[in-house]
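One structure below.
Throughout, residue positions are numbered sequentially from 1 according to the sequence presented.
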Amino acid sequence: MAAIFNRILSKPKPTSKISTYIQHMSNVPENTVYGGPKPQNPDQRVTLTTLRKKHKQGEAITMVTAYDYPSAVHLDSAGIDIALVGDSASMVVHGHDTTLPIGLEEMLVHCRAVARGAKRPMLVGDLAFGTYESSSQQAVDTAVRVLKEGGMDAIKLEGGAPSRISAAKHIVEAGIAVMGHVGLTPQAISVLGGFRPQGRNVLSAVKVVETALALQEAGCFSVVLECVPPPVAAAATSVLQIPTIGIGAGPFCSGQVLVYHDLLGMMQHPHHAKVTPKFCKQFAQIGEEINKALSDYKQEVENRSFPGVAYSPYKISPAEVDGFLKELQKMGLDKAAAAVAEAADNVEASKKI
């Protein structure tokens, strides 16, 4: 019996099963092999250490939202420090009037696309409304997914209620970097009564500063200050030991953030027609250029000037055209044969123009 047992143990295992076993034991998810987040290069990637150094030296930090591969590549090429995959995608990408409708699965799609396009910026993903408010455990679970499945480096959450502070603390304790967000918090428009600036009276201004301090105490590495008066932002920036990132908060923050579509002048969303952000400088009018390009395209297609010879690059020799035409005739497709002959004549005529 022992001899039989030893022969079984010594029998070579099929290579395919061994390979399968090794593959299943890999700590790299299979779906990251093709089309997954790009490997991080510590020599060029912006990290928390990079941000702390810039903050200590008084250098301004730049942050812009990104929602897909092309926008991520543009941020990367421009040398932007932080790419925020914002829940503002709900409005500027999906066409909603608020940030509330977007869910975790949609956010993860945006996160993965940005992770594929951005090699340099630090990647921060927003926690969508309804994905972290129930409990600190829910918040941690969501944050873990944003990093593991979305390829992000950190997460951002809104608000300064005790439950949010607790959530931020637990996420940090789970080993995940957290960016806070105070002032106008778009996910709280139900309570705020709309997109309304904060910190415009003594109590509200003090609350902004106190909330920012609480988020710092919870372990946040940075705090976004949105739509608060410059003196309030200056107060928060001066008392915090972590960077503040302003949006509609004046020039006294450690850095600034704007929505990608806003700063490029791609403001075609119905919401922007009603409420154009007063704090946003349009550094370009890309929306106008896009509209013009689409109108020009429509016109050239309709008057048949596009594509034309210049944009019809694939050729077939006259001999092959004759052979093709004869084959069509043999098949009884005389109409198709006539179309071939007419098209070939038109192509030759266009060359002579």
Side-chain angles (χ1 to χ4, degrees), residues 40 45-66 75 79-88 111 114 118 120-127 132 139 143 146-147 150 152-161 164-187 198-199 207-228 230 232-260 279:
Q40 294 187 5
R45 192 81 172 188
V46 174
T47 65
L48 291 184
T49 301
T50 311
L51 297 179
R52 291 185 183 115
K53 183 178 180 181
K54 294 193 73 168
H55 181 232
K56 184 177 180 180
Q57 295 177 346
E59 299 176 15
I61 296 168
T62 56
M63 182 163 83
V64 178
T65 63
L75 265 61
I80 299 298
D81 296 318
I82 304 172
L84 171 65
V85 185
D87 60 357
S88 46
C111 287
V114 170
R120 181 186 182 276
M122 182 176 183
L123 306 179
V124 180
D126 258 337
L127 297 193
Y132 65 102
V146 171
L147 264 66
M152 297 290 99
D153 301 314
I155 64 94
K156 181 174 77 66
L157 56 75
E158 291 187 10
R164 305 294 176 89
I165 303 297
S166 177
K169 184 174 185 295
H170 281 83
I171 294 171
V172 171
E173 289 175 349
I176 298 171
V178 177
M179 175 180 283
H181 184 159
V182 300
L184 193 166
T185 47
Q187 292 180 10
Q198 303 297 299
K207 183 178 179 181
V208 169
V209 175
E210 289 179 339
T211 302
L213 284 168
L215 287 167
Q216 175 180 264
E217 182 66 24
C220 291
F221 71 90
S222 179
V223 175
V224 170
L225 301 176
E226 181 168 358
C227 293
V228 299
V232 179
T237 302
S238 67
V239 299
L240 293 176
Q241 297 178 350
I242 57 177
T244 57
I245 308 296
I247 176 167
F252 306 114
C253 298
S254 312
Q256 298 292 328
V257 59
L258 282 177
V259 169
Y260 183 82
F279 53 78

Do side-chain atoms of Asp81 reach the backbone of Met63 as a donor and acceptor pair under 3.5 angstrom? no
Measure from the side-chain N and O atoms of Thr50 to the backbone N and O of Thr47, and report whether any donor-acceptor pair falls under 3.5 Å. yes
With a 3.5 Å distance limit and no angle check, can you tell me whether Thr65 reaches the backbone of Leu84 through a side-chain donor-acceptor pair? no
Spacing of CZ belonging to Arg52 relative to CD1 belonging to Ile61, to within rounding of 0.5 Å: 11.0 Å
Return yes if some donor-acceptor pair links the side-chain N/O of Glu226 with the main-chain N/O of His181 below 3.5 Å, else return no. no
Show the nearest heavy-atom pair for residues Val228 and Gly183, with the distance to one decimal. CG1-CA, 3.9 Å
Could you measure the distance from the CD1 atom of Ile165 to the SG atom of Cys220? Nearest 0.5 Å is fine. 7.0 Å
Separation between CG of Asp153 and CE of Met179, rounded to the nearest 0.5 Å: 11.0 Å
Distance (rounded to the nearest 0.5 Å) between Leu127 CG and Ile155 CD1: 4.0 Å
Nearest 0.5 Å, please: how far is CE in Met152 from CE in Met122? 10.5 Å
If you look at every heavy atom in Ala83 and Leu75, which pair is closest and at what distance? CB-CD2, 3.7 Å
Where do Ala118 and Pro121 come nearest, in terms of heavy atoms and distance? CB-CD, 3.8 Å
Got Leu213 and Gln216 here, is their nearest side-chain heavy-atom distance under 4.5 Å? yes
Of all heavy-atom pairs linking Ser88 and Val259, the shortest is OG-CG2, 4.3 Å
Atom NZ of Lys207: over 12 foreign heavy atoms under 6.0 Å: no
When rounded to the nearest 0.5 angstrom, what is the spacing between CG in Leu225 and CD1 in Ile247? 11.0 Å
When you measure from the side chain of Gln256 to the backbone of Gly248, do you find a donor-acceptor pair of N or O atoms at a distance under 3.5 Å? no
Within the supplied structure, the quantity of interest is the number of heavy atoms (other residues, nucleotides, ligands) at a distance under 6.0 Å from Gln57 CD; does it exceed 12? yes
Could you report the tightest heavy-atom contact between Ile171 and Ala143, atom names first, then the distance? CG2-CB, 3.8 Å
Tell me whether the count of non-hydrogen atoms from other residues, nucleotides or ligands lying under 6.0 Å of CD in Glu173 goes above 12. yes
Spell out, as yes or no, whether a donor-acceptor pair under 3.5 Å connects the side chain of Arg120 to the backbone of Ile80. yes
Heavy atoms only: give me the nearest Pro243-Ser254 pair and the separation to one decimal. CA-OG, 3.5 Å
Could you tell me whether the side chain of Lys169 and the main chain of Gly219 form a donor-acceptor pair under 3.5 Å? no
Option passing side-chain contact (heavy atoms from CB on, under 4.5 Å) with Leu123 (candidates Ile82, Val46, Val114): Val114
